[in-house]
Structure formats: structure tokens, C-alpha cells
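Structure first, commentary second.
Only this structure's heavy atoms are used, side chains among them; waters, hydrogens and symmetry mates stay out. In listed order, ligands and their atoms are each counted from 1.
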Amino acid sequence: MQPPRHTPASLAGKVIDAHGHIGIHSGFYAAGGYPYCQSVEGLYYRQRAAGVDVNVVFPFGSHPSGAFPYELDNRRLLKEVYEFCPEYAERFLPFLCLDPGGQVPEQLAAARALIQAQAVYGIKINPVDCRSPIRRLGTGAGRAVLELAVEFDLPLVIHAVPQGVDEYSTAEDILDIAAAEPRVRFCLAHALLFHLDLLDQANRLANVWVDTAAIKIQMELTQQLIRNQTLRGRRLMDLDWHDPRAGIRQLAEAYPDLIIWGTDSPAYTFITRRQQGNDQWFDFRLKGSYEAEVDALMAQDTATIRRLANTNPLNWLFHERRR
Ligand SMILES: [Zn+2]
């Protein structure tokens with residue numbers, strides 16, 4: 001049983017959570033981190049408890065037993081959504097994870113087969129998780145990932161941080177790539193850590209969106225990065241860093257058609273030691289909840305909720321241009 005492919009019409013009026021993970025992050029598990037997994041069934045019950053209708057979902061990590069990055073994880077995700085839990089399938093919009101930094105032809109051959117067999121709605125890249133500098137997406141073998149997005153008209157979501165926060169996920173590089181490739185729609189995850197120049201630059205590009213994934217702990221992390229000088233000299237939004245509702249409200253007011261709501265479920269909590277660069281590690285000790293992410297959205301007025309959780313995500317998922 002396969003559900004019909006979703007369209008803007010079939011998603012009209014739905015509350016869409018545009019950023020969620022399904023599967024296992026075996027690296028976090030092995031290192032004693034938390035969380036490390038989520039199932040379709042588990043996320044379905046979170047949705048039901050919170051009043052969310054639909055989730056964009058992609059793998060959590062790349063399992064080491066795969067022959068190339070995300071080999072097992074992409075296959076497993078589609079199997080879980082469409083074969084193991086078909087009764088919930090209409091609530092999920094699966095994306096494939098790709099690593100532009102290695103074994104790209106193998107990854108793309110597998111991705112193409114999956115896309116042709118089942119409904120796939122986009123591509124996720126997490127540069128810090130694959131330890132691949134994102135500029136590889138713009139040149140050399142990595143460019144084939146962009147060509148795949150063009151070929152199947154798939155949007156991208158990319159984990160992004162201001163330059164210097166980690167060595168791989170540099171938002172400045174992603175925005176350069178997006179400016180040079182207007183045929184592809186890009187979503188930069190995690191609110192660009194509220195960096196005003198990057199948000200303004202993203203807002204000027206018609207093929208770029210920014211998500212709020214894990215806003216509660218992104219606000220806490222930003223405070224930490226201010227205190228430890230990582231964001232020294234950067235122009236940030238003026239926020240009450242303890243109030244995710246205000247964070248969402250100010251983002252939505254300043255950038256009404258740029259911002260997309262997402263929870264990062266289950267990574268709205270992030271407790272792990274992660275490699276951020278060649279010999280750069282960071283100890284994350286950040287605790288959030290699905291409720292806090294949903295509350296930050298639902299505290300907004302009706303028109304804002306509709307924009308963040310329906311209109312803007314649908315434009316990114318299905319339309320060619322933001323404006
Ligand atoms: Zn995420």
C-alpha cells in the first residue's frame with residue numbers, strides 16, 4: 001500500500017514540522033550521547049500529542065555498516081515509512097541524506113533508484129556529521145548532488161552555522177552556492193544562530209529559506225557561543241535568549257516569508273561530544289522538548305502559524321521561488 005504522492009493541495013491547512021530525524025545515530029549511541037534514535041511510530045505519537053500533522057523526516061546519522069554514506073539509513077527510512085508503517089505514511093515527507101564529500105557516484109546511484117521507486121521529497125546534508133566541508137557541494141564531484149536536485153526538482157535542507165562555529169557547515173559558503181544555483185531551493189537549518197547579516201543575505205535570495213529547528217537549544221547555544229567568544233564581532237538579533245516564543249516571533253516579523261518552523265525531533269535535546277573540526281571538539285549539554293518547540297510556534301497569531309508551518313514550507317518543498 002503506497003499513499004498518493006503529496007502535493008500542495010493535499011497538504012493545504014496542515015501543520016508541517018519541516019525538520020525531523022528517523023533512525024539511529026550509532027555514533028551518538030556509541031559515545032554515550034543522547035538522543036540517538038527515533039522511529040516513525042514514536043514521532044507519530046509526538047505529533048498526535050502536540051497537534052502536528054506532517055513531518056519532513058531524514059536519517060539521523062550514517063550507520064558504519066553501510067558500503068557508502070547513508071546507504072543503509074536512506075533505504076531503512078523509506079522502508080519504515082512506506083512498508084512497516086503505511087498507516088502513518090501520509091504524515092511523513094521523507095528526504096534522503098547525502099554526503100557531498102565522498103563516494104558520491106555510489107550514493108547518487110542508490111538515491112536515484114530510491115527516488116524512482118518511492119515518493120521522496122528532498123535531500124538533507126549535515127556537513128558536520130559527515131565531516132565534509134559544504135563548499136564541496138559547489139565544486140568537483142559534490143556538484144552532482146545539486147544536479148540530482150535539479151533533475152528531480154528536490155529541495156535541499158542543510159545544517160548550517162556561521163563561519164567558525166564548526167569547520168564544515170559554513171552558512172556563508174551555502175549562501176554563495178545558493179546564489180550561484182537559482183534552480184535549487186535551499187533551506188538553511190537552525191535559524192543561522194540569529195546572525196543578522198546571514199539572515200539578511202538569505203532573505204535577499206529568492207531560492208533560500210531558513211528553519212527554526214530546535215529553537216530553544218539554538219538560543220541557549222548562541223548564548224554559550226557569545227560567552228566563549230566564538231561569535232565575537234558578529235551582529236546578532238536582539239533577543240531575550242530565554243524565550244523561544246519571542247525568538248520565533250521576532251524571526252517571523254523580520255523575515256515573514258523566509259522562516260520555516262521545524263522541531264529537529266528528537267535532536268531538540270543534544271547531549272554529546274561532537275567533532276567540530278580537525279582537532280576541535282565541543283561538549284553539547286542542551287536539553288529541550290517537543291512541547292517547547294510546538295509551544296514556540298503555537299504562541300504566535302494564526303496568520304503567523306500558517307505562514308511558518310504551511311505556506312513557507314510548501315513554497316520551499318514545491319514551488320520554484322519564494323517571491
Ligand atoms: Zn537536525
Asp264, N/O/S atom nearest the Zn ion (ligand 1): OD1
Shortest-distance N, O or S atom of His19 relative to the Zn ion (ligand 1): NE2
SB check Asp153 Arg185 (cutoff 4.0 Å): yes
Salt-bridge criterion met for Lys216 and Glu291 (N-O under 4.0 Å): no
Side chain proximity check, Asp73 to Arg76, heavy atoms < 4.5 angstrom: no
His21 near the Zn ion (ligand 1) via N/O/S, less than 2.8 Å: yes
Backbone or side-chain N/O/S of His159 under 2.8 Å of the Zn ion (ligand 1): no
Validation row, ring centre Phe28 to ring centre Phe270 under 6.0 Å: yes
